[in-house]
Amino acid sequence: MSPSFVNHSIYDTKFQGFPSSHGTSPCSDAQNNNLNARTSFDVGIVLDLESPLGKMSSICISMALEDFYTTHNNYTTELILHWRDSKRDIVDAASMALDLLKNVQVQAIIGPETSAQAQFMAELGNKAHVPILSFSATSPFLSTITTPYFVRTGQSDLSQVKAIIAIIQAFGWKEVVPIYEDTPYGNGLLPNFTIALQEVNIRVPYKSVISHQVTDDQIEQELYKLETMQTRVFVVHLSPSLSSRLFFKANEVRMMSEGYVWIITDGLTNVLYSMNSPVVQSMQGVLGVRPHIPKSKELDDFKERWKRKFLNENPNSNSIEHNIFGLWAYDTVWALAEAVEKVGTKNSYFLNPQTRQNSTDLARLGVSEMGPRLRDTILKTNFKGLSGKFSLSDGQLDTSSFQILNMVGKGERDIGIWTPVHGLDKKLNAGKKYYSASKANLKPIIWPGESTTVPKGWEISTSERKLRIGVPQKKRFREFVNVVQDLQTNETTITGYSIDVFKAAIERLPYAFNYKFIPFVDKYGRRAGTYNDLIDQVYFKNFDAVVGDITIIANRSQYVDFTLPYTESGVTMLVLANDNRKKTWIFLKPLSWDLWLMTGAAFVFTGTVVWALEQRINNEFRGPIADQVGTMLWFSFSTLVFAHRERVVSNWSRIVVIIWLFVVLILTSSYTASLTSMLTIQQLLPAINDINDLIKNRENVGYQKGNFVGDILRRLKVEESKLKPYETAEEYSEALSKGTKKGGVGAIFDEIPYLMIFLAKNGNCAKYKMVGPIYKTDGFAFAFPRGSPLVPDLSRAILNLKEGDDMSAIEKKWMGPETTCPDQPTTAESKSLTLDSFWGLFLVTGTASVLAFLINLFTFLYKYRHVWITCDSSISFQQRLITIIRHFNERDLSHHTFRRSKPIEGLEMGNRHAGNSPVDASVEPSSSRPNREASVMKTETEDDARYVQPFNCKPPTRRNRVCPTEPDSSDPGMLIT
């Protein structure tokens with residue numbers, strides 16, 4: 001309808017369904033006073049006018065319109081309301097909305113009341129570009145993404161999810177069953193609620209959905225179904241009518257007794273005032289959440305005026321209290337009126353408007369010209385309303401804080417508040433600086449059954465049913481689980497280490513429950529399957545738990561939940577041990593062959609270098625060739641035990657020997673330590689070191705039958721034909737003793753606890769060894785169904801048990817005082833020392849020896865450089881080389897070790913010029929020198945005299961590089977004839 005300046009009633013004259021008690025508009029007087037000065041703006045109202053919510057909100061809307069224009073009497077626009085009654089029907093609501101859009105051409109619609117009605121109306125508004133403002137359609141299915149002209153002026157159901165989860169977390173409940181109705185209102189919350197629970201590790205084992213047309217008998221059957229489950233925490237998201245029927249039946253089946261937890265959402269908590277006394281009495285102990293309404297003077301004044309107005313218009317009606325929906329309705333009118341004033345009424349018409357003759361033709365529905373501007377303005381509206389701050393985000397009211405209520409007596413009791421920033425608290429605390437979700441921040445709660453004890457949130461059994469616990473039937477290692485059946489009394493006794501640990505952990509729980517052990521056997525009393533088969537029985541719900549030596553592995557954890565391990569574990573290899581003390585060549589093992597060869601080469605090389613440095617100046621390194629080679633090798637290898645007697649006189653030799661002795665010290669010390677370890681600490685070494693030796697040598701491999709170890713061996717690429725399963729510890733011993741060639745095995749793979757018992761109980765520590773790498777597992781634990789609430793409680797009990805003395809007593813009882821072998825190696829023997837470890841030492845001593853030899857050689861060659869530099873072309877290179885070698889084999893008489901007294905020196909010089917031997921056999925020295933030394937001096941001098949210089953010219957000088965024609969007798973290097 002186009003703008004008009006004529007007098008209008010805010011009630012459409014065509015509307016016949018509005019109750020007569022309403023008469024004319026509650027605010028018509030205020031409108032009429034300024035009607036001539038204001039432009040009218042048509043707005044549709046679609047509500048269930050006969051419902052409690054419809055009656056309450058209709059008065060709030062009327063009061064809002066009156067209050068707004070009383071406060072803003074200078075505004076130039078005015079809302080004209082056109083009321084329609086949807087009569088609690090989805091089709092009627094859609095029909096009323098279509099009538100308003102086509103025939104009245106309203107520019108906005110307030111309503112409808114329910115989410116189901118709002119779904120189709122939102123599509124109509126989207127098509128006509130007319131904003132649909134709903135304050136009570138809270139389903140998350142209604143989104144501004146798909147229907148941008150739908151504006152939720154109340155809070156979405158999702159806004160309360162975090163508050164409900166905070167309550168669940170505060171009391172440590174791990175499982176929740178939601179109960180919801182099969183309508184858009186119920187289905188809209190569930191997916192997001194379930195996801196939010198799973199994000200904080202709260203399981204949803206079951207979802208109870210209730211039809212809107214459900215009978216009381218069907219409700220009772222569903223409650224009985226819930227009673228048989230372990231979970232005792234229920235979140236109810238139902239309409240008020242369904243909720244009242246549910247709680248009546250829950251009282252009848254005794255599900256409102258101690259141990260149960262019921263939490264209701266704000267859709268029900270907001271209308272508790274409208275429920276009669278019997279319904280309230282049936283909800284004793286229930287917790288609920290609802291949006292927090294801040295107190296204000298305006299709110300108190302509104303409450304008084306609303307109550308008077310309601311009683312005047314409904315004198316025969318039951319007392320109804322206003323709630324948050326009424327306040328949202330009030331604020332919605334203010335927001336719309338404010339937005340209309342900002343937008344104005346210009347272009348407030350429909351494009352392609354249709355006539356009344358086609359009032360139900362959806363395809364020819366007109367489009368509002370001002371709709372987009374009006375919607376954007378509404379979304380930007382901010383003010384302080386009666387419900388608190390009115391601010392829209394993503395097309396809906398921002399999340400606020402929530403009250404937490406406890407149903408006690410005839411009404412509700414405030415026990416705390418939740419805010420997005422601060423979490424739980426007893427009252428709104430703006431100064432709080434951190435988020436908290438502790439139950440200590442809530443006031444005392446009266447739970448169902450008038451109990452003050454916090455429910456644990458689950459129960460093991462109903463109707464006195466005992467927990468069925470499966471245990472394995474074992475033929476070996478019965479220290480863990482031992483099942484004995486008395487054939488006379490037909491009674492079964494189950495004992496063992498694992499059984500005692502389980503019982504001790506149960507005693508540490510803060511509650512008790514009934515259970516019975518059931519052996520996993522077939523009808524003949526034999527083992528019914530493997531450990532994996534036993535785990536599957538928990539998954540298929542044939543057992544409620546499994547107790548025994550059950551190893552935690554990844555594959556099993558996909559089907560069951562494990563407690564914390566009560567003993568450590570791991571898989572390793574058991575082999576025969578070899579006594580290294582009986583090996584003939586054990587002394588060669590400390591060093592690798594490459595290190596032996598390098599050490600020998602270093603001995604020879606170092607001896608050769610010392611001989612080369614000493615033989616010209618040290619008589620102890622001179623003599624016949626055989627003696628010199630013997631002396632050289634003797635000196636070198638005697639340094640191994642530091643027994644060398646020869647004195648070295650060259651400084652270069654001393655440097656070489658000092659460095660070499662350091663290397664020898666390191667080598668001998670390392671050799672001694674390694675050999676000592678082999679003969680003492682590692683007296684008994686295994687015949688096989690790891691799985692690769694088994695595969696390479698094609699050895700058979702044994703494992704415990706029915707154990708997961710076989711799967712590990714297959715993953716390690718052991719051939720199936722080489723795998724040998726065994727039942728008992730005796731079979732282990734026999735198979736290892738035989739070996740692969742006689743039909744036995746080369747090694748046994750099993751879990752460490754079993755192998756330690758095998759070694760300790762049978763005195764086999766000296767005969768068998770555990771070697772090779774340890775394949776880690778998480779240890780032995782108890783298995784329960786996925787999500788079982790017993791798992792965290794038993795895990796804490798196991799931790800307490802392991803920290804005390806009781807666990808040690810249980811181990812001593814079943815494993816004995818000594819459960820480990822002394823000096824039991826967990827890995828193979830240490831490797832021989834290799835060249836890589838000593839390469840640096842050899843590099844140092846080799847470098848020092850080479851440098852000393854080269855320096856000495858260059859010094860020698862420089863001294864006899866005239867041998868090379870000669871002008872006699874008739875002397876060949878070979879002759880010169882021979883001369884150099886002969887000089888190298890001579891004694892260096894200029895060295896201080898060969899200095900003599902003057903008489904002897906004169907005798908030697910005279911004889912040298914005479915061409916005779918300086919020492920004659922008939923001539924004895926004047927001194928008392930021994931004959932042997934004189935003889936040696938004579939022989940060596942005679943040998944020196946026979947050496948002839950192969951040239952007859954002086955060495956060239958800088959001034960004269962021409963050979964003289966005559967020899968120079970003054971030159972010490974000239975030819976001697």
Side-chain angles (χ1 to χ4, degrees), residues 572-608 610 632-646 656-694 696-697 736 739 746-747 759 763-774 820-846 848-849:
T572 191
M573 183 169 60
L574 184 72
V575 298
L576 286 173
N578 291 336
D579 194 346
N580 278 331
R581 293 171 297 182
K582 299 179 181 178
K583 289 187 177 181
T584 305
W585 303 102
I586 184 63
F587 68 91
L588 295 177
K589 288 288 290 180
L591 305 183
S592 61
W593 284 112
D594 58 347
L595 184 56
W596 277 118
L597 293 176
M598 176 58 75
T599 303
F603 272 107
V604 174
F605 177 74
T606 304
T608 302
V610 172
M632 175 183 68
L633 295 177
W634 159 257
F635 175 83
S636 176
F637 283 96
S638 63
T639 58
L640 181 64
V641 290
F642 306 98
H644 52 286
R645 296 176 301 173
E646 291 77 10
V656 170
V657 171
I658 288 174
I659 296 176
W660 173 245
L661 289 177
F662 175 74
V663 174
V664 170
L665 176 64
I666 299 298
L667 285 173
T668 54
S669 300
S670 301
Y671 176 87
T672 303
S674 180
L675 182 61
T676 302
S677 174
M678 291 181 177
L679 295 177
T680 55
I681 298 177
Q682 299 177 2
Q683 293 177 359
L684 303 175
L685 292 178
I688 299 172
N689 292 326
D690 55 32
I691 187 68
N692 295 324
D693 292 341
L694 294 171
K696 181 179 178 180
N697 300 331
L736 287 171
L759 293 174
N764 292 321
C765 291
K767 188 176 181 182
Y768 305 103
K769 290 295 175 184
M770 289 192 299
V771 297
I774 296 177
T820 59
C821 292
D823 299 329
Q824 183 67 224
T826 57
T827 58
E829 61 175 303
S830 61
K831 301 296 183 180
S832 300
L833 299 175
T834 63
L835 179 60
D836 294 336
S837 303
F838 300 93
W839 184 252
L841 288 174
F842 289 115
L843 182 63
V844 171
T845 185
S849 299

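In this text, all values refer to a predicted model and were calculated from it rather than measured experimentally. The figures that follow rest on heavy atoms only: side chains count, while hydrogens, waters and symmetry mates do not.
Residues Leu736 and Leu576 come closest through the heavy atom pair O-CD1, 3.2 Å. Residues Val575 and Ala747 approach most closely at CG1-CB, 3.5 Å, considering heavy atoms. Nearest approach of Ala848 to Val656, heavy atoms of both residues: O-CG2, 4.0 Å. Considering every non-hydrogen atom in both Leu835 and Ser592, the closest pair reads N-OG, 3.9 Å.
Residues satisfying the side chain to side chain contact (heavy atoms under 4.5 Å, CB included) criterion with Asp836, sequence neighbours excluded, are Thr834. Under the rule for a side chain to side chain donor-acceptor pair (under 3.5 Å), Thr599 has no partner lying at least two apart in sequence or in another chain. Shown here are the side chain to side chain donor-acceptor pair (under 3.5 Å) partners of Asn692, two or more places apart in sequence or in another chain: there are none. When the side chain to side chain contact (heavy atoms under 4.5 Å, CB included) test is applied to Leu588, the partners found at least two apart in sequence or on another chain are Trp585, Trp593, Trp596. Evaluation of the side chain to side chain contact (heavy atoms under 4.5 Å, CB included) rule for Thr608 yields Val604, Met632 as partners, not counting sequence neighbours. Residues passing the ring pair (Phe, Tyr, Trp, His ring centres under 6.0 Å) test with Phe603, sequence neighbours excluded: Phe637, Trp660.
Rounded to the nearest 0.5 Å, atoms CG (Leu675) and CG (Leu833) are 10.5 Å apart.
When side chains are defined from C-beta on, Val663 does not count as touching Val844, because their heavy atoms never get closer than 4.5 Å. With a 4.5 Å cut-off on side-chain heavy atoms, Trp839 and Met598 count as touching. Contact annotation: the side chain of Tyr671 approaches that of Leu591 to within less than 4.5 Å [non-hydrogen atoms, C-beta and beyond]. With contacts defined as side-chain heavy-atom distances shorter than 4.5 Å, the pair Leu759/Lys769 does not qualify. Contact check for Leu841 versus Thr845: no side-chain heavy atoms found under the 4.5 Å cut-off. Within the 4.5 Å cutoff, the side chain of Leu667 has heavy atoms near those of the Phe842 side chain.
With Thr668 contributing its side chain and Val664 its backbone, the two residues share a donor-acceptor pair below 3.5 Å.
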